Protein chains: 4
Amino acid sequence: MSREKGPDHSRRKERSRQAILAAARALVTEETYEKVTVEAIAARAGVGKQTIYRRWPSKSAVVVAALLALSEDADGQSVTLPDTGDLRADLVLVMRATVEEFADPSFDKLIRAVNTELTNDPTLAAEYREKLAGPLDEAKKARLRSAQKAGQLASDADLDLALEMLYAPLFLRWLHRSGPLTTAYADSLVDATLRAFAP
Amino acid sequence: MSREKGPDHSRRKERSRQAILAAARALVTEETYEKVTVEAIAARAGVGKQTIYRRWPSKSAVVVAALLALSEDADGQSVTLPDTGDLRADLVLVMRATVEEFADPSFDKLIRAVNTELTNDPTLAAEYREKLAGPLDEAKKARLRSAQKAGQLASDADLDLALEMLYAPLFLRWLHRSGPLTTAYADSLVDATLRAFAP
Amino acid sequence: MSREKGPDHSRRKERSRQAILAAARALVTEETYEKVTVEAIAARAGVGKQTIYRRWPSKSAVVVAALLALSEDADGQSVTLPDTGDLRADLVLVMRATVEEFADPSFDKLIRAVNTELTNDPTLAAEYREKLAGPLDEAKKARLRSAQKAGQLASDADLDLALEMLYAPLFLRWLHRSGPLTTAYADSLVDATLRAFAP
Amino acid sequence: MSREKGPDHSRRKERSRQAILAAARALVTEETYEKVTVEAIAARAGVGKQTIYRRWPSKSAVVVAALLALSEDADGQSVTLPDTGDLRADLVLVMRATVEEFADPSFDKLIRAVNTELTNDPTLAAEYREKLAGPLDEAKKARLRSAQKAGQLASDADLDLALEMLYAPLFLRWLHRSGPLTTAYADSLVDATLRAFAP
DNA sequence: TCTTAATCGAGACGGTACGTCACGTCTTACA
DNA sequence: TGTAAGACGTGACGTACCGTCTCGATTAAGA
């Protein structure tokens with residue numbers, strides 16, 4: 001059915017692929033983003049530049065792929081959020097976890113780099129949304145929907161909007177470094193959102 | 001007292017400064033951001049590269065300065081928001097204006113470029129916040145405070161948080177292109193925020 | 001007696017060998033010499049690169065082999081020059097034939113390529129001399145020796161030197177494109193040489 | 001009169017030019033010719049690659065320029081050969097000197113490299129002939145013409161041909177390494193040529 | 001009005017990284 | 001088993017910009 005064109009070299013392919021993504025991750029984490037060059041990634045991965053260009057069209061794509069690869073381990077098993085019945089408690093848990101993630105310096109650098117690339121490349125952004133952000137948002141919306149059914153949220157609440165009001169302020173504070181990311185801040189976002197969409 | 005070094009050439013200085021900022025603005029607007037190089041700006045402005053480096057430390061700084069210069073016309077006169085007494089109407093007005101701004105393709109490109117630079121350069125981000133975002137936020141907070149005094153918002157409402165819940169979702173939708181920026185969307189952000197911080 | 005190693009792939013071997021040499025010849029003839037790459041030869045011959053490297057150590061060797069193969073048809077039968085008894089007439093014939101060869105554009109390109117490789121690789125040069133130039137020179141010297149015996153050349157004439165004085169000027173004019181290769185030029189080389197080594 | 005387009009930076013220009021030519025000469029002399037890369041020349045000269053490409057279109061051109069620069073010291077003063085009145089003695093002197101030049105390993109490498117480039121690039125060959133070979137040949141022909149007037153050569157002798165018969169065999173022996181370059185060989189070339197063009 | 005020194009445009013410079021090409025080796029699938 | 005196909009690590013190619021430097025040619029001020 002599929003058009004086979006030759007031997008697949010799958011073992012080498014996979015090995016070099018992993019080396020490249022690991023190198024990209026390491027460099028983004030350790031260095032200034034300007035120092036993350038295709039040549040540096042290739043050198044670090046012990047790989048020729050051509051092997052990178054054979055698979056990805058640009059440095060941006062490699063960096064995004066490096067992030068996506070991190071969550072491909074959990075592949076197959078769909079993401080779900082805790083549902084203890086206590087909506088506020090569950091949301092606070094998730095928001096605090098997010099705050100913690102952003103506090104990790106190497107995660108900070110990686111996400112910041114990825115975010116820069118996504119902002120300027122709609123194609124990459126779409127891929128990112130489809131593979132990573134989409135499923136996550138879906139899981140969060142599922143939790144909200146469950147709360148809605150339980151009468152903890154207004155029956156006509158716009159759940160997409162609710163999600164945005166929860167997360168966008170947090171993300172933007174981090175992105176623009178316009179304020180501290182504290183547990184209290186996370187909590188107050190949850191409270192304000194719950195008030196806005198209360199039954 | 002002051003060290004006299006010769007003629008001040010202030011007219012030439014000002015002329016080339018304007019030419020550089022205009023060229024930067026034009027290039028960011030017309031081209032892919034990768035094509036906005038210092039050499040291109042210099043060529044477009046009819047200026048030597050050194051004249052750019054004499055004033056700004058990097059391309060990023062020039063681009064940010066180009067945006068800041070746009071709003072320096074309104075310099076001196078402090079920004080104020082309409083205050084008709086009808087809080088919802090006033091906020092809807094402002095939010096819809098913002099939506100329109102983001103819809104303008106050349107403004108979109110300029111802000112996107114500036115945002116990229118701010119994300120990766122805290123110093124620039126601070127300058128931007130001080131000169132542009134700060135005053136604007138202050139004006140918005142002033143309007144909220146006035147509403148609060150009028151009993152239209154909870155007396156213990158966190159106005160900074162309210163601001164973020166209003167704007168962050170809009171900004172992030174635009175930045176990540178994760179949804180349409182419509183009037184209805186702007187309105188529903190206002191409504192949700194007002195519910196969250198109602199008295 | 002012979003060590004049998006398996007199926008006799010000699011037919012495939014010979015077929016691919018011919019394909020490679022033909023492809024090399026064709027490419028040298030058609031393209032700029034920089035474009036004659038091992039990859040191009042392999043592609044043109046419908047052969048894997050390894051099949052080339054299994055037989056020859058370098059592109060140079062392939063190109064030289066391509067030229068040598070051209071004259072391997074006459075293999076076994078030793079080369080001889082015409083001997084009509086009229087030395088001048090015989091030499092003029094040979095020299096004019098050489099001039100004509102050099103005038104053929106595809107022969108020109110091939111010889112020029114081979115000459116470049118020989119200049120920079122003594123090993124190849126030795127092989128070339130042994131297989132191609134040597135026998136030819138021997139045949140020419142045989143004709144001169146016959147003339148010498150007939151008293152048409154000085155009995156103490158240095159025949160190697162005579163050969164060089166006949167051919168080197170012609171070859172160098174061609175190699176350096178330092179003058180036209182005409183019949184008259186060929187003839188005057190013969191005349192001058194005959195004067196130099198007359199009895 | 002001439003169209004001046006800007007500052008001439010002549011000091012830097014000249015300094016880098018000399019550094020590049022010296023580096024090229026050194027590398028050709030020391031290394032395999034394959035190792036003489038534009039990058040290596042640039043590194044050795046302490047110069048950016050662009051500075052080389054700004055002046056010469058290819059490595060070949062640089063190498064040829066490196067040789068030409070060697071004889072630009074004698075610029076202005078036209079080349080002349082000794083003229084003692086004894087033609088044979090004068091020619092023997094010149095031929096032996098040439099033999100010695102070819103015996104110098106670093107000169108050998110340089111000329112071999114230049115010769116390879118000239119063979120494959122008619123434009124470079126023309127430049128070389130105009131600037132170096134031409135004047136030299138003219139000087140040699142002048143010596144022959146003087147001998148011709150003195151009745152030491154046939155009055156109808158083709159001096160261009162005589163020159164070629166003197167030099168081409170020597171050069172080709174060296175190029176193809178097809179025989180030893182000895183004093184005796186040089187002498188016998190002179191003798192044969194004198195016999196061929198005797199009055 | 002005429003120096004005179006800061007400033008400018010132009011663009012060459014030493015570099016770094018780009019993305020491409022071909023090298024010679026290695027791996028796989030097929031015949 | 002030997003071959004075609006082609007991926008791989010390597011390293012040079014020629015180009016684009018970086019940020020610095022050097023050069024004349026404007027300026028506009030004060031002598």
Side-chain angles (χ1 to χ4, degrees), chain A residues 4-13 15-16 34-40 42-43 45-55 57-59, chain B residues 4-13 15-16 19 34-43 45-54 57-59, chain C residues 5-10 12-13 15-16 34-40 42-43 45-54 57-59, chain D residues 4-13 15-16 19 34-43 45-55 57-59:
Chain A
E4 293 297 306
K5 299 193 65 178
D8 75 352
H9 302 242
S10 34
R11 279 198 281 270
R12 292 172 89 190
K13 245 177 160 161
R15 217 180 315 136
S16 66
E34 307 148 1
K35 291 207 163 187
V36 182
T37 66
V38 173
E39 289 195 337
V47 138
K49 278 197 289 178
Q50 202 62 54
T51 302
I52 294 180
Y53 284 113
R54 238 188 300 272
R55 295 192 209 298
S58 64
K59 187 189 63 178
Chain B
E4 291 298 307
K5 303 186 64 177
D8 75 353
H9 302 230
S10 41
R11 278 199 283 271
R12 287 171 93 190
K13 252 176 156 160
R15 216 182 314 136
S16 66
E34 307 147 4
K35 292 207 164 184
V36 182
T37 66
V38 173
E39 289 192 338
I41 296 173
V47 138
K49 282 197 287 177
Q50 201 58 252
T51 303
I52 294 180
Y53 284 113
R54 216 172 283 129
S58 66
K59 185 187 64 176
Chain C
K5 302 186 67 175
D8 167 13
H9 297 186
S10 46
R12 288 171 91 187
K13 254 176 155 159
R15 216 182 315 134
S16 66
E34 306 147 4
K35 292 206 165 185
V36 182
T37 65
V38 173
E39 288 189 338
V47 138
K49 283 196 287 176
Q50 202 57 250
T51 304
I52 295 180
Y53 284 113
R54 217 173 283 128
S58 66
K59 185 187 64 177
Chain D
E4 294 296 308
K5 298 195 66 176
D8 74 353
H9 302 244
S10 36
R11 280 197 283 271
R12 295 172 86 191
K13 245 177 159 159
R15 216 181 314 136
S16 65
E34 307 148 1
K35 290 207 165 186
V36 182
T37 66
V38 173
E39 288 195 337
I41 296 173
V47 138
K49 279 198 287 178
Q50 202 61 54
T51 302
I52 295 181
Y53 285 113
R54 237 187 302 271
R55 295 192 209 298
S58 64
K59 188 189 61 177

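In what follows, every heavy atom counts, from backbone to side chain, and hydrogens, waters and symmetry copies are set aside. These figures come from a predicted structure and were not determined experimentally. To find a chain, count down the sequence lines: A is the first, B the second, and so on, and within it residues start at 1.
Checking Val38(C) against Gly48(D), the closest nucleotide of DNA chain E that is more toward the 5' end is the one next to Gly48(D). In terms of position along DNA chain F, the nucleotide closest to Ala40(D) lies nearer the 5' end than the nucleotide closest to the other residue of the pair Ala40(D) and Tyr53(B). The residue among Ser16(B) and Glu39(C) whose nearest nucleotide of DNA chain E lies closer to the 5′ end is Ser16(B).
Rounded to an integer number of Å, the gap from CZ of Arg12(D) to P of dG24(F) is 13 Å. Across the protein-nucleic acid pair, Ile52(D) atom CD1 and dT15(F) atom P stand 13 Å apart, rounded to whole Å. Remark: P of dA22(E) and NZ of Lys59(C) are 10 Å apart, rounded to the nearest angstrom. Atom NZ in Lys35(B) sits about 18 Å away from atom P in dC18(E), given to the nearest Å. In this structure, Glu34(A) places its CD atom 13 Å from P of dC18(E), rounding to the nearest Å. Distance, Ile41(D) CD1 to dA12(F) C1': 12 Å, rounded to whole Å.
With hydrogens and angles left out, the side chain of Lys49(B) and the base of dG9(E) share no donor-acceptor pair within 3.5 Å. Judged by distance alone with a 3.5 Å cut-off, a donor-acceptor contact links the side chain of Gln50(A) to the base of dC21(E).
When all heavy atoms of Gly48(A) and Ala42(A) are compared, the pair lying nearest together is C-CB, 4.2 Å. Closest non-hydrogen pair, Ile52(C) versus Val47(C), comes out as CG1-CG1, 4.1 Å. Of all the heavy atoms in Lys35(D) and Ala40(D), the pair that sits closest is O-CB, 3.9 Å.
Using a 4.0 Å heavy-atom criterion, one finds that Arg55(D) contacts the sugar-phosphate atoms exclusively. If you check every strand for non-hydrogen atoms under 4.0 Å, Ser58(C) touches nothing.
Among dC13(E), dA4(F), dC23(E), the nucleotide with an atom closest to any side-chain atom of Arg54(D) is dC13(E). Residue Thr37(A) places its side chain closer to dC18(E) than to any other of dT22(F), dC18(E), dC26(E). Comparing dC8(E), dC18(F), dC26(E) by their closest approach to the side chain of Lys13(B) singles out dC8(E).
At dG14(E), one or more side-chain N or O atoms of Thr51(D) fall inside 4.0 Å of OP1 or OP2 (strictly under the cut-off).
Annotation: the span from Thr51(A) atom OG1 to Lys13(A) atom NZ amounts to 11.0 Å, rounded to 0.5 Å.
Between the Lys59(B) side chain and the Val36(B) main chain, a donor and an acceptor come within less than 3.5 Å of each other.
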